[in-house]
Amino acid sequence: MSRIALLFAMLVSMPMITACSASEQVPEAPVVKQQLMGSPVYIQIFKEERTLELYAKMGNEFRLVNSFPICNYSGGLGPKRVQGDFKSPEGFYSVDVRHLKPDSRYYRAINIGFPNEYDRAQGYSGAYLMIHGECKSIGCYAMTNGYMDEIYRYVEAAFNNGQRLVDISIYPFRMTEQNMIRHRSSVYASFWRQLKPGYDYFAKNHQPPTVHVANGQYVLGQPLMSGGQSNTLFASTTQPATGTSTGAQSSNPFSQSQQPLTVVK
């Protein structure tokens, strides 16, 4: 009888394992999480799933520290375009230590850095878009204070240990082929096809994608080849999926000026 019960339990648990997306990791054990405090970090946000994922570098890859439910965001799916449209941004952002706001009126905050170079190329407007606490949002990603405290501590520790920029990739949903098909009729589908190469790169390599802007489009940079040359993958809606970039910039295009940030939230 016990063998039958064991077999039944195994069969019941199998769908839970096989249904997990290849891009989803299991959070590290608490003792490992503490050891990762101060390591370089990376953040992914998925709107539809209302999830923020915090990763830290372990060895040669980034491992999931924790997955946090997003308490609130506004405007539904799609990128932020205009000041006052109440939408939360989508795209690839990089922040430095000046983007931290420990004394925000929404507990603690991290300025996402909107608009980035891509947003500016599209003529998008807006400012002070945050990841913050207090579970209130008008264009931001709001967390509970407890979750925000953990996210903030890891990001702050990474900066204190020498990480210069923290990448934040914001997607409308987990960009699997099935989800892309499900949303293929959306008015935002062409923009989302620009984001998918970055999602796929991290899912495969467990390394944050190196993303630039060329000709007003996101461009995914590939690692250097043996001859010192590098290929680039255009996250383009009008060109083939692969090509050679002549307009990608070597410096990070998403960092702000060197003047201190004025953060009002």
Side-chain angles (χ1 to χ4, degrees), residues 42-55 66-95 98-152 154-155 166-176 179-180 182-196 198-199 211 218 254 256 261-265:
Y42 170 58
I43 291 173
Q44 288 191 135
I45 291 176
F46 301 99
K47 277 186 176 179
E48 190 173 59
E49 291 80 2
R50 301 181 73 92
T51 298
L52 183 151
E53 294 180 341
L54 174 67
Y55 294 83
N66 214 341
S67 180
F68 305 92
I70 295 172
C71 192
N72 208 347
Y73 73 89
S74 62
L77 302 186
K80 181 172 185 63
R81 292 176 168 176
V82 181
Q83 176 78 33
D85 64 4
F86 303 114
K87 294 187 74 69
S88 302
E90 295 174 9
F92 301 104
Y93 298 87
S94 290
V95 303
R98 297 168 302 128
H99 291 75
L100 299 185
K101 183 67 173 176
D103 56 349
S104 169
R105 60 185 172 185
Y106 296 106
Y107 185 58
R108 290 181 173 179
I110 301 171
N111 188 330
I112 292 170
F114 180 95
N116 63 19
E117 184 174 331
Y118 173 87
D119 301 323
R120 293 192 296 272
Q122 312 309 311
Y124 295 167
S125 63
Y128 310 125
L129 282 303
M130 312 278 179
I131 303 169
H132 61 60
E134 297 295 343
C135 197
K136 300 174 184 177
S137 173
I138 302 178
C140 297
Y141 291 98
M143 316 299 294
T144 65
N145 289 354
Y147 291 152
M148 190 63 212
D149 186 62
E150 183 174 350
I151 296 164
Y152 192 97
Y154 273 90
V155 173
V166 170
D167 293 328
I168 303 175
S169 299
I170 307 175
Y171 301 106
F173 43 79
R174 295 192 185 277
M175 308 201 81
T176 62
N179 282 340
M180 294 297 290
R182 182 163 58 90
H183 289 282
R184 65 183 179 275
S185 298
S186 171
V187 67
Y188 304 117
S190 61
F191 168 69
W192 291 340
R193 285 195 292 272
Q194 293 190 54
L195 306 184
K196 191 176 188 322
Y199 173 88
V211 182
Y218 282 124
F254 306 131
Q256 303 292 322
L261 296 176
T262 301
V263 180
V264 298
K265 289 197 175 184

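Count residues from 1 along the sequence. Because only heavy atoms are used, hydrogens play no part in the values below, and waters and symmetry mates are left out as well, while side chains stay in.
Without hydrogens or angle criteria, Q194 side chain to Y218 main chain gives a donor-acceptor distance under 3.5 Å. K80 places no side-chain N or O within donor-acceptor distance of the main-chain N or O of L129, the cut-off being under 3.5 Å. Remark: the backbone N or O of G198 is not paired with any side-chain donor or acceptor of K196 at under 3.5 angstrom. Side-chain atoms of E49 come within 3.5 Å of backbone atoms of R174 as a donor-acceptor pair (strictly under, hydrogens ignored). Remark: the backbone N or O of G133 is not paired with any side-chain donor or acceptor of R108 at under 3.5 angstrom. With hydrogens and angles ignored, the 3.5 Å screen pairs no side-chain donor or acceptor of K87 with any backbone N or O of G139.
Nearest approach of E53 to S67, heavy atoms of both residues: CG-OG, 4.0 Å. Between Y171 and L195 the shortest heavy-atom distance is CE2-O, 3.6 Å. The minimum heavy-atom distance between K47 and P89, with the atom names listed, is CE-O, 3.9 Å. Across H183 and A189, no two heavy atoms sit closer than the pair O-CB, 3.9 Å.
Between the OG atom in S88 and the CD1 atom in I138 there is a gap of 10.5 Å [rounded to 0.5 Å]. With rounding to the nearest 0.5 angstrom, the OG atom of S137 is 9.0 Å from the OH atom of Y106. Atom CZ of F114 is separated from atom OG of S125 by 7.0 Å, given to the nearest 0.5 angstrom. Atom-to-atom distance recorded for I45:CD1 and T51:OG1 is 10.0 Å, nearest 0.5 angstrom. If you take CZ on R193 and CE on M175, they are separated by 10.0 Å, rounding to the nearest 0.5 Å. The distance from atom CE of M143 to atom OH of Y107, rounded to the nearest 0.5 Å, is 13.0 Å.
More than 12 heavy atoms of other shown residues, nucleotides or ligands fall within 6.0 angstrom of atom OH in Y188. The 12-atom threshold is not exceeded at OH of Y147, counting heavy atoms of other residues, nucleotides or ligands nearer than 6.0 Å.
With no hydrogens or angles considered, a side-chain donor-acceptor pair links D119 and Y93 at under 3.5 Å. For the residue pair Y124/D85, the side-chain donor-acceptor check at 3.5 Å is not satisfied. A donor and an acceptor atom, one from each side chain of T176 and Y199, are nowhere located under 3.5 Å apart.
A side-chain contact (heavy atoms from CB on, under 4.5 Å) with V95 holds for exactly one of L100, I168, I131; it is I168.
N111 is not listed as a side-chain neighbour of K101, based on a closest heavy-atom distance of 4.5 Å or more. Taking 4.5 Å as the limit, every side-chain heavy atom of Y154 sits out of range of all side-chain heavy atoms of N66.
Annotation: salt bridge (charged side-chain N to carboxylate O under 4.0 Å, His left out) contacts involving residues 67-77, sequence neighbours excluded, are absent.
Two rings, from Y141 and F68, have their centers 6.0 Å or more apart.
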